[in-house]
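The structure appears right after this line, and notes come after that.
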Amino acid sequence: QVQLVESGGGLVQPGGSLTLSCTASGHIFEIRATGWYRQAPGKQRELAAAITSSGTLNYADSVKGRFTISRDNAKNTSFLQMNDLKPEDTAVYYCLFVVAGRDAYVQDYWGKGTQVTVSS
């Protein structure tokens, strides 16, 4: 079993910055990819950023140039650095770890979400 713990959300003014962190623990043999998804009230959940085990990056057009995803493999931790935040970035942010067990069976694990509110 794998558990994810998120931190770093909060209230920030437009133009400000926040860094989200997600740490995984448990039966982790290999992390195939990590990502951050967000869901605003009344809207569909969408991918904000993702990084694969090979280092391939994927960002939503709406966050390109402002958000940066990174990871610390030794600590099983993923980070989302968010700069120049806008009110439309307000959402619950969920981290995702795509994990392979020792038998190579791949499963997705989700964090419980952390609220990011951008408002003056």
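In what follows, every heavy atom counts, from backbone to side chain, and hydrogens, waters and symmetry copies are set aside.
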Report the distance from atom CG of Leu80 to atom OG of Ser21, rounding to the nearest 0.5 Å. 10.5 Å
Say you draw a straight line from CZ of Phe97 to OG1 of Thr77; how long is it, rounded to the nearest 0.5 Å? 6.5 Å
To check you understand the geometry: which heavy-atom pair defines the closest contact between [X] and [Y], and what is its length?
{"X": "Lys75", "Y": "Thr23", "value": "O-CG2, 3.8 Å"}
{"X": "His27", "Y": "Val2", "value": "O-CG2, 3.6 Å"}
{"X": "Leu4", "Y": "Tyr109", "value": "CD1-O, 3.2 Å"}
{"X": "Gly8", "Y": "Leu18", "value": "O-CD2, 3.8 Å"}
{"X": "Ala48", "Y": "Val63", "value": "O-CG2, 3.4 Å"}
{"X": "Cys22", "Y": "Glu6", "value": "SG-CG, 4.1 Å"}

Does the [X] side chain pair with the main chain of [Y], one donor and one acceptor, at a distance under 3.5 Å?
{"X": "Arg71", "Y": "Thr52", "answer": "yes"}
{"X": "Thr90", "Y": "Val118", "answer": "yes"}
{"X": "Arg32", "Y": "Val98", "answer": "no"}

side-chain contact (heavy atoms from CB on, under 4.5 Å) for Ser70 and Ile51? Distances and angles first, verdict last. CA-CA 7 Å; Ser70 61; Ile51 183 168; over 6 Å; no
Please work out which of the three classes, parallel, tilted or perpendicular, describes the rings of Tyr93 and Phe67, given edges at 30° and 60°. tilted
Just checking, any donor-acceptor pair under 3.5 angstrom between side chains of Ser120 and Gln13? no
Is the shortest heavy-atom distance from the side chain of Tyr105 to the side chain of Gln107 under 4.5 Å? yes
Between Asp103 and Phe29, is any pair of side-chain heavy atoms under 4.5 Å apart? no
side-chain contact (heavy atoms from CB on, under 4.5 Å) between Asp89 and Met82, intermediate numbers included: CA-CA 9 Å; Asp89 296 318; Met82 304 183 293; over 6 Å; no
State plainly whether the residues Lys64 and Asp61 are in salt-bridge range, i.e. N to O under 4.0 Å. yes
